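See structure below.
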Amino acid sequence: MKWQTLVECISKVTFSQATAQTLGALTASLMTPNRIGDYGAKAMYYQPHLRKKIMFLNLIGNSAQMGITTILGVIGFVCFTLHFQPTLNYTGIFIWATAAIITISGLIWAFRANWFGKKRKSFKKLIHFINTISKKTIIKTVLFSSFTLSHFFVSVLLFTVSF
């Protein structure tokens, strides 16, 4: 349903077509490193002029899944730390946080410094395409991603031994 919702801004697909595309892409991704085949396999179901958009929509779906996973992971980590009170390596946490801040700052600086000058037109096209995706579609995608992980989260809570 998540893929059907995402791709509806380009073309209407039925639930069975979206399921076939998702399962076909999953099969292809099992044979490629880091599931990269998922992007190309879903794109193969569409006309060549739509393939870049399809790959980007797939990226949006995977990013929503990763964002929800990260949020629930942080919540789980906080609950774990509050309940078990482990000793944490604050120096390591500080180093990782500093590296993340430097990396993000560097990327922001690179975009502002016009390092990607030749790709500026491509970025404008990408921004235009992002603006054509409705907020309703984005919200549905995030909700489908949340449902997937919250279902797993509830299953873990129901079927584990209590502390």
Side-chain angles (χ1 to χ4, degrees), residues 1-79 96-97 99-157:
M1 287 172 41
K2 181 169 73 171
W3 179 243
Q4 183 183 11
T5 302
L6 270 171
V7 82
E8 77 182 1
C9 69
I10 291 181
S11 70
K12 299 290 181 198
V13 294
T14 64
F15 179 75
S16 60
Q17 288 173 327
T19 303
Q21 291 173 11
T22 301
L23 292 176
L26 178 62
T27 303
S29 72
L30 294 174
M31 296 179 261
T32 57
N34 296 326
R35 291 190 56 194
I36 197 70
D38 186 45
Y39 290 89
K42 279 186 183 170
M44 295 303 292
Y45 286 97
Y46 295 90
Q47 298 293 326
H49 68 279
L50 295 175
R51 290 183 180 160
K52 287 182 183 178
K53 292 179 180 180
I54 293 297
M55 292 173 73
F56 185 70
L57 288 173
N58 200 14
L59 177 67
I60 290 173
N62 290 341
S63 298
Q65 193 77 34
M66 179 57 75
I68 297 298
T69 302
T70 302
I71 290 168
L72 290 178
V74 167
I75 292 169
F77 179 71
V78 168
C79 291
W96 278 103
I101 290 169
I102 290 171
T103 302
I104 291 169
S105 300
L107 287 172
I108 291 171
W109 177 79
F111 277 106
R112 287 192 176 164
N114 205 11
W115 271 23
F116 304 104
K118 290 183 179 181
K119 297 293 182 182
R120 190 172 203 78
K121 190 174 183 182
S122 298
F123 284 126
K124 285 183 180 180
K125 285 182 183 179
L126 181 64
I127 297 301
H128 176 68
F129 178 66
I130 291 170
N131 291 333
T132 63
I133 301 170
S134 70
K135 293 194 185 318
K136 181 180 174 185
T137 301
I138 299 296
I139 290 170
K140 279 182 169 180
T141 302
V142 171
L143 287 176
F144 285 134
S145 297
S146 302
F147 177 73
T148 303
L149 289 171
S150 63
H151 172 51
F152 173 74
F153 189 68
V154 168
S155 298
V156 167
L157 288 178

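As the structure is a computational prediction, the values presented were derived from the model and not from experiment.
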Mind checking the [atom1]-[atom2] spacing from [X] to [Y]? Nearest 0.5 Å is all I need.
| X | Y | atom1 | atom2 | value |
| --- | --- | --- | --- | --- |
| Thr132 | Ile127 | OG1 | CD1 | 11.0 Å |
| Cys9 | Phe129 | SG | CZ | 4.5 Å |
| Phe77 | Thr70 | CZ | OG1 | 14.0 Å |

Side-chain touch [X]/[Y], heavy atoms, less than 4.5 angstrom:
| X | Y | answer |
| --- | --- | --- |
| Arg35 | Leu26 | yes |
| Lys2 | Gln65 | yes |
| Asn62 | Asp38 | yes |

> Partners of Thr32 by side chain to side chain contact (heavy atoms under 4.5 Å, CB included), sequence neighbours excluded?
Replying inline: Ser29, Ile36
> With Met44, which residues qualify under side chain to side chain contact (heavy atoms under 4.5 Å, CB included), at least two apart?
Replying inline: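 By the side chain to side chain contact (heavy atoms under 4.5 Å, CB included) rule, Met44 matches Arg51.
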Taking distance alone, no hydrogens or angles, what donor-acceptor pairs closer than 3.5 Å link side-chain atoms of residues 135-142 to residues at least two apart or in another chain?
residue	atom	partner	partner atom	Å
Thr137	OG1	Ser134	OG	2.8
Thr141	OG1	Thr137	O	2.8

Contacts of [X] that satisfy side chain to side chain donor-acceptor pair (under 3.5 Å) - sequence neighbours left out:
| X | answer |
| --- | --- |
| Gln21 | Trp3, Tyr46 |
| Ser16 | Thr14 |
| Lys53 | none |

> Would you find a donor on one side and an acceptor on the other, under 3.5 Å apart, between the side chain of Asn58 and the backbone of Ile54?
Replying inline: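 No; judged by distance alone, with no hydrogens or angles, the pair does not exist.
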> Between Gly61 and Ser145, which heavy-atom pair has the shortest distance, and what is it?
Replying inline: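 So the two residues come closest at O-OG, 4.3 Å.
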>> Can you give me the closest heavy-atom contact between Thr5 and Glu8, atom names plus distance?
In response: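 What the structure gives for the nearest pair is O-CG, 3.1 Å.
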> Does atom CG of Asn131 have more than 12 heavy-atom neighbours, drawn from other residues, nucleotides or ligands, at distances under 6.0 Å?
Replying inline: yes
> So Leu6 and Phe56, side chain to side chain contact (heavy atoms under 4.5 Å, CB included) or not? Walk me through it.
Replying inline: CA-CA 10 Å; Leu6 270 171; Phe56 185 70; over 6 Å; no
